[in-house]
Protein chains: 2
Amino acid sequence: MLDRIKSTKSASGEESETEGGPASLTSRIYARLRADIISGVLEPGAKLKIEDLRQRYDSGASPIREALSLLTSHQLVERLDQRGFRVSSISLEEFDELLKTRCWLEERALRESIAHGDKRWEEELVIAAYRLSRAPRNSGGNPVATNDEWEKLHKDFHLTLISRCGSRFLLNSCDELYDQNVRYRKAASSVAYPERDVRAEHEGIADAVLARDADRAVQRLVAHYTNTGSFLRKHFE
Amino acid sequence: MLDRIKSTKSASGEESETEGGPASLTSRIYARLRADIISGVLEPGAKLKIEDLRQRYDSGASPIREALSLLTSHQLVERLDQRGFRVSSISLEEFDELLKTRCWLEERALRESIAHGDKRWEEELVIAAYRLSRAPRNSGGNPVATNDEWEKLHKDFHLTLISRCGSRFLLNSCDELYDQNVRYRKAASSVAYPERDVRAEHEGIADAVLARDADRAVQRLVAHYTNTGSFLRKHFE
DNA sequence: GCCCTCGTAATAATCGATTTTTTTGCTCTG
DNA sequence: CAGAGCAAAAAAATCGATTATTACGAGGGC
């Protein structure tokens with residue numbers, strides 16, 4: 001269990017990670033629950049009993065229920081009337097749909113971003129790619145322990161790619177799907193990491209994007225997802 | 001025995017037709033709030049004070065807060081830490097993004113649906129189109145009062161079109177965007193309805209889909225959205 | 001006259017206890 | 001031995017009251 005709250009971000013949106021400090025209890029619980037679900041600490045399908053969570057997060061029932069309610073809309077938690085909450089379950093079929101959908105949406109988003117992104121965007125992308133390239137995927141030589149910093153940078157890179165797509169709705173959807181995908185990745189790859197050169201794939205994507213070669217960029221991005229997808233798929237058995 | 005559990009609808013999922021029945025207070029409040037927000041009874045940007053809502057829906061604070069939390073993820077309600085909730089505001093820029101995004105997503109969804117839909121789907125579509133064609137858009141001759149039944153059938157028609165897209169994620173997104181669009185429509189067209197033949201457009205779409213002519217279907221669907229979009233746009237002044 | 005500060009009113013957030021509903025487990029039939 | 005019927009236990013949902021935070025406005029200094 002993680003007993004430290006690292007960054008308090010508002011329950012509804014992104015923003016300030018500088019504040020490690022106070023916010024509403026609900027928001028802090030939201031952030032912790034979310035992290036625990038995405039990282040797989042709370043397993044897919046697990047029952048989320050209010051009483052347990054109350055103890056675990058040391059609060060009353062209201063903030064817990066509220067945080068859970070906030071999470072349901074992101075498809076991370078399922079809510080059943082009068083039967084409480086549980087971590088959304090995962091399945092192979094859903095994974096296939098997730099993968100497909102990400103390819104569809106991100107292709108569109110990437111093309112738009114390439115068409116409309118400005119210099120500033122290019123620079124943001126360069127930075128994001130650079131940082132990602134320098135971050136170790138695992139922490140402390142342990143091949144299984146994931147590196148939270150890498151996770152953050154990886155998400156950042158992928159979202160930066162599509163950040164200029166011109167639609168907050170599309171961006172939100174991609175964001176949510178990204179998180180779902182991490183959940184699947186964690187669930188599947190508790191065993192191993194791909195041997196293939198993921199880093200090179202990221203660079204390849206960034207290069208094509210910076211060259212404003214939309215077709216190639218899309219082709220590489222989709223290949224990246226498809227590769228990762230079939231790799232994960234194998235590990236579900 | 002069976003009839004005790006039959007129609008309990010969950011707040012996060014779809015509605016069952018046999019409305020009115022029992023469910024948790026939270027779910028009922030959720031449904032009412034949602035309807036009030038989409039229909040514009042609660043105006044965009046309006047502050048949602050817990051105390052007011054408590055009175056209005058005759059409940060304690062917990063169900064209200066929970067219902068609001070459920071709604072935030074659908075972008076219908078904004079939550080500000082320690083500052084309560086408010087109805088999400090609307091804007092012309094956002095409307096443009098909404099329209100664009102719907103075109104992008106529904107094009108994909110429709111193509112997939114056409115490619116994969118079976119006979120049963122065709123029949124569902126025929127029914128949905130027929131019902132929609134028979135429903136009066138306004139109730140009781142009042143040109144302003146919207147007809148809830150028409151609303152339901154209209155949504156049904158549009159969702160049926162894409163129901164076989166093969167991705168619950170994409171379907172969910174389209175569903176949410178649809179609701180957002182209704183909100184914009186209500187906000188804008190409290191004045192008037194389009195003179196153009198919306199009904200014919202629906203039929204045209206259905207015909208193309210049933211003929212499995214994806215290009216034409218998409219072209220018509222997008223035109224339908226674009227037409228409606230620019231019509232609404234004018235009414236925002 | 002304008003802005004800053006502080007106290008008060010309003011509102012949001014949270015808690016602890018109570019009420020409902022579901023689950024569980026056992027007993028009793030057929 | 002399967003299943004129906006209860007009753008106790010567990011869990012979810014909800015309430016009413018309390019605490020924390022923010023919004024507001026009057027008074028005072030510059």
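All chains are named by letter (A, B, ...) in the order of the sequence lines, taking the proteins before the strands, and each is independently numbered beginning at 1.
Of the side-chain N and O atoms in A:K47, one or more sit less than 4.0 angstrom from OP1 or OP2 of D:dA12. Taking side-chain N and O atoms only, A:R83 has no distance below 4.0 Å to OP1 or OP2 of C:dT21. Between D:dT14 and B:T26, a contact under 4.0 Å exists linking OP1 or OP2 to a side-chain N or O. Phosphate proximity of C:dA12 to B:R65: absent, as no side-chain N or O sits under 4.0 Å from OP1 or OP2.
Between the CG atom of A:L68 and the C1' atom of D:dA11 there is a distance of 14 Å, given to the nearest Å. For A:E66 and C:dA13, the CD to P distance is 7 Å, given to the nearest whole Å. Atom-to-atom, CZ of B:R79 to C1' of C:dT11 comes out at 14 Å; the value is rounded to the nearest Å. Distance A:L70 CG to C:dA13 P: 11 Å, rounded to the nearest Å. If you take CG of A:L80 and C1' of C:dT22, they are 12 Å apart, rounded to a whole angstrom. With rounding to whole Å, B:L48 atom CG is found 20 Å from C:dA10 atom P. Taking atom CD1 on A:I64 and atom C1' on D:dA12, their separation rounds to 14 Å, with Å as the unit. Taking atom OH of residue B:Y57 and atom C1' of nucleotide D:dT14, one finds them 18 Å apart after rounding to whole Å.
Nearest nucleotide to the side chain of B:K49, out of D:dC15, C:dT14, C:dT11: C:dT11. For A:Q82, the side-chain atoms get nearest to C:dT21 when compared with the rest of C:dA13, C:dT21, D:dC15. Set against D:dT14, C:dA13, C:dT21, the side chain of B:S62 has D:dT14 as its closest nucleotide. For B:I50, the listed nucleotide lying nearest its side chain is C:dA12; candidates were C:dA12, C:dT14, D:dC15.
A salt bridge is defined here as a Lys NZ or Arg NE, NH1 or NH2 lying under 4.0 Å from an Asp or Glu carboxylate O, and B:E123 with B:K119 fails to meet this definition. The existence of a salt bridge linking B:R131 and B:D156 is excluded, since no basic side-chain nitrogen approaches an acidic carboxylate oxygen closer than 4.0 Å.
With B:D179 as reference, B:K155 is the one residue of B:K186, B:K155, B:R185 to meet the salt bridge (charged side-chain N to carboxylate O under 4.0 Å, His left out) rule.
A tilted orientation is assigned to the rings of B:H235 and B:F231, their planes being inclined by 30° to 60°.
Note that CZ of B:F95 is 11.5 Å distant from CD of B:Q180, once rounded to the nearest 0.5 Å.
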